[in-house]
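Take a look at the structure set out below.
Side-chain atoms are counted along with the backbone in the values below, which use heavy atoms only and exclude waters and symmetry mates.
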Amino acid sequence: MAKQNVSEQFVDILVRAGVKRMYGVVGDSLNPVVDAIRRNSAIDWIQVRHEETAAFAAGAEAQITGSLAACAGSCGPGNLHLINGLYDAHRSLAPVLALASHIPSSEIGLGYFQETHPELLFQECSHYNEMISNPQQMPRLLQTAIQHAIGRGGVSVVAMPGDIASQPAPEKSIEHALVTSRPTVRPGDAEIEKLCRMVDEAKRVTLFCGSGTAGAHAEVMEFAERVKSPVGHALRGKEWIQYDNPYDVGMSGLLGYGAAYEATHECDLLILLGTDFPYNAFLPDDVKIVQVDVRPEHLGRRSKLDLAVWGDVRETLRCLTPRVKVKTDRKFLDRMLKKHADALEGVVKAYTRKVEKHIPIHPEYVASVLDEIADDDAVFTVDTGMCNVWAARYLSPNGKRRVIGSFSHGSMANALPQAIGAQFTDRNRQVVSMSGDGGFTMLMGDFLTLVQYDLPVKVVVFNNSSLGMVELEMLVAGLPSFGTDNKNPDFAAIARAAGAYGVRVEKPKQLESALKDAFKHKGPALVDVVTDPNALSIPPKISAEMVTGFALSASKMVLDGGVGRMVQMARSNLRNVPRP
């Protein structure tokens with residue numbers, strides 16, 4: 001049997017860790033690893049057009065599967081392109097292994113062609129970031145990197161010079177069983193008892209849920225029923241907690257709606273469950289706050305806590321719920337449910353009034369039709385900006401759908417690359433990219449990746465010829481919009497020229513049939529929807545300074561955003577309120 005080189009050993013370890021594919025762009029220092037992948041039938045090389053796409057795709061794959069995903073870039077500029085997608089994966093807690101190929105080891109530190117210092121560049125967006133400078137470090141260094149990415153949830157970066165990658169692997173290298181999943185963390189009995197006392201003493205309890213409630217839907221609902229608590233959520237908690245939720249009061253934050261803000265401010269005990277909600281201005285400062293999080297470093301980052309609980313949300317609630325006293329007073333819960341229903345009723349008209357005649361098309365209407373016709377287990381990837389607003393307010397979770405975006409890092413151009421990673425996990429699952437025209441054009445080259453691999457991603461471009469969210473930010477600051485206009489081509493024509501299905505929609509009556517036809521198409525498809533650039537949105541609560549900013553603007557904007565099918569759920573929950 002031929003002796004392995006370092007690259008072959010590297011690839012074998014990735015396969016043992018469950019990696020199915022590596023995304024990247026080939027090149028010089030990376031060639032030995034790519035060649036090792038070519039000769040290994042257990043892993044695929046996915047060629048993208050930009051390394052940033054590679055990192056976004058790997059991050060999305062990791063979020064869909066919960067398993068390790070991988071990406072790579074060649075030396076210098078190649079791996080430097082990975083950084084934005086790696087920041088997003090790291091902040092999304094997605095386990096990703098990034099290979100940053102490096103210049104020849106003998107030239108490091110001498111200003112060689114394309115020299116950078118990956119061990120410095122990736123420090124802030126990784127749990128582990130080290131260079132293999134000697135074959136004897138393999139496989140221990142790679143195994144350590146894998147365990148950091150999986151165990152801590154996030155990115156590990158391994159830098160490897162091309163000459164090291166081609167050298168023989170050590171004969172008696174140490175290989176051990178790899179960690180491929182994370183354990184659950186149970187809080188200590190003392191913390192559970194303290195939390196139990198606080199819940200029992202409180203008259204009005206509100207739960208505010210984030211992505212840490214994944215897998216804990218049943219436990220959250222059981223606890224909410226026991227203590228008669230309204231349940232609000234952050235954007236990353238929407239897909240895990242909003243469906244089948246008779247206690248739902250909506251979402252707080254800049255994209256919020258409903259009564260979540262009131263519920264978090266009018267309670268006397270707020271319990272933050274698995275959320276690192278970044279907007280502390282939307283959190284109260286005059287109620288008792290408990291935070292439950294599996295990551296101790298997140299506890300207390302946003303608000304002053306009366307109790308910090310280090311633990312997995314599901315395990316914490318399994319310990320807590322049987323111990324707390326059953327509350328019988330529903331007055332606070334019922335009042336919040338009514339406020340929520342009333343708030344949604346007040347804005348639902350925004351996308352239902354004369355939509356069949358409104359040209360350009362309401363983007364709210366596009367999102368609502370998408371929600372209606374998409375598969376029950378569809379994966380939506382969502383561009384940062386106004387697409388975030390439409391996804392937050394119109395997409396209906398059901399426990400099977402997934403909604404992925406750059407919700408923590410807030411990068412543009414994430415939706416198309418993330419759709420690539422999501423689709424590779426299952427070619428038979430519907431994947432829809434909700435792309436803004438600004439985000440889509442930023443990494444538009446990787447639409448060709450869909451064509452090259454015949455990935456059946458459906459790209460819906462919300463084409464308002466502007467950077468809508470940036471324009472809103474300018475209006476809030478009292479500034480005239482400037483530098484936000486895009487002169488766009490016919491994106492559908494570009495899609496057809498690339499060999500994909502493409503259709504342009506300019507009239508509301510064309511929308512539903514155009515989307516259905518695109519969804520039926522077996523390969524990649526793009527629907528270019530010309531939408532109203534004046535359709536903007538504001539938070540449910542705004543400050544005097546924000547109002548002043550709008551007053552200074554000479555433009556009249558459509559500031560109401562509808563809420564799609566959520567109003568039906570709110571009405572249903574309200575009907576369940578007991579009558580005296």
*Min side-chain heavy-atom separation Val379-Arg429 under 4.5 Å*: yes

*Might you point out which heavy atoms bring Val460 and Leu515 nearest each other, and give the distance in Å?*
CG2-CD2, 4.0 Å

*Short side-chain to backbone donor-acceptor contact, Lys3 and Ala169, under 3.5 Å*: yes

*Taking the side chain from Asp383 and the backbone from Asn414, do they hold a donor-acceptor pair closer than 3.5 Å?*
yes

_Treating Arg236 as the side-chain partner and Ser408 as the backbone partner, does any N or O pair qualify as donor plus acceptor under 3.5 Å?_
no

*When rounded to the nearest 0.5 angstrom, what is the spacing between CE in Met442 and NE2 in His50?*
10.0 Å

_When you compare the side chain of Thr381 with that of Val432, does any pair of heavy atoms fall below 4.5 Å?_
no

*Can you tell if the side chain of Arg402 reaches within under 4.5 Å of the side chain of Trp240, non-hydrogen atoms only?*
yes

*Sub-4.5 Å side-chain heavy-atom contact between His148 and Val155*: no

*Check His521 against Lys458 and note the closest heavy-atom contact, atom names and distance.*
O-NZ, 2.5 Å

*asked:* Checking the side chain of Trp45 only, and the main-chain atoms of Arg38 only, is there a donor and an acceptor separated by less than 3.5 Å?
replied: no

_Sidechain N-carboxylate O distance under 4.0 Å for Arg39, Asp35_ = yes

*asked:* What I want to check is whether the side chains of Asp485 and Ser466 have a donor and an acceptor closer together than 3.5 Å.
replied: no

*Are Phe407 and Asp88 close enough that some pair of their side-chain heavy atoms sits under 4.5 Å apart?*
no

*Could you tell me whether the side chain of Met138 reaches within less than 4.5 Å of the side chain of Ile13, counting heavy atoms only?*
yes

_Out of the candidates Phe462, Phe447, Phe440, only one should pair with Phe491 under the ring pair (Phe, Tyr, Trp, His ring centres under 6.0 Å) rule; please name it._
Phe440

*Could you tell me the separation between the OG atom of Ser211 and the CG atom of Leu93, rounded to the nearest 0.5 Å?*
6.0 Å

*Please confirm whether the backbone N or O of Glu506 pairs with a side-chain atom of Gln510, one donor and one acceptor, at under 3.5 Å?*
yes

*State, to 0.1 Å, how close Gly274 and Val313 come at their nearest heavy-atom pair, and which atoms those are.*
N-CG2, 3.6 Å

*Do you know which two heavy atoms are closest between Cys125 and Ile83, and how far apart they sit?*
SG-CG1, 4.2 Å

*asked:* Testing Glu52, Met412, Glu51 one by one against Asn84 for a side-chain contact (heavy atoms from CB on, under 4.5 Å), which residue passes?
replied: Glu52

_Least distance between heavy atoms, Arg427 atom then Pro456 atom_ = O-CG, 3.5 Å

*With a 6.0 Å cut-off on ring centres, are His90 and His127 close enough?*
yes

*Does Cys209 offer a backbone N or O that forms a donor-acceptor pair with the side chain of Thr213 under 3.5 Å?*
no

_Any donor-acceptor N or O pair under 3.5 Å, side chains Ser29, Ser101_ = yes

*pair Phe380-Met434: side-chain heavy atoms closer than 4.5 Å*: yes

_Between CG on residue Leu14 and CG on residue Leu142, distance to nearest 0.5 Å_ = 5.5 Å

*Under 3.5 Å, is there a donor-acceptor pair linking the side chains of Asp371 and Ser368?*
no

_For Ala55 against Leu82, the heavy-atom pair lying closest together_ = CB-O, 3.5 Å

*Counting N and O atoms only, with roles assigned by atom type, does the side chain of Asn129 sit under 3.5 Å from a partner on the main chain of Glu119, one being a donor and the other an acceptor?*
yes

*Go through the steps for Met22 and Ile37 under the test side-chain contact (heavy atoms from CB on, under 4.5 Å), then give the verdict.*
CA-CA 9 Å; Met22 178 178 273; Ile37 292 174; 3.8 Å; yes

_Sub-4.5 Å side-chain heavy-atom contact between Met160 and Phe10_ = yes

_Can you classify the ring geometry of His217 versus Tyr243 as parallel (below 30°), tilted (30 to 60°) or perpendicular (above 60°)?_
parallel

*Taking Asn79 for its side chain and Ser74 for its backbone only, find out whether a donor-acceptor pair lies under 3.5 Å.*
yes

*Which of parallel (below 30°), tilted (30 to 60°) and perpendicular (above 60°) describes Tyr453 and Phe424?*
perpendicular

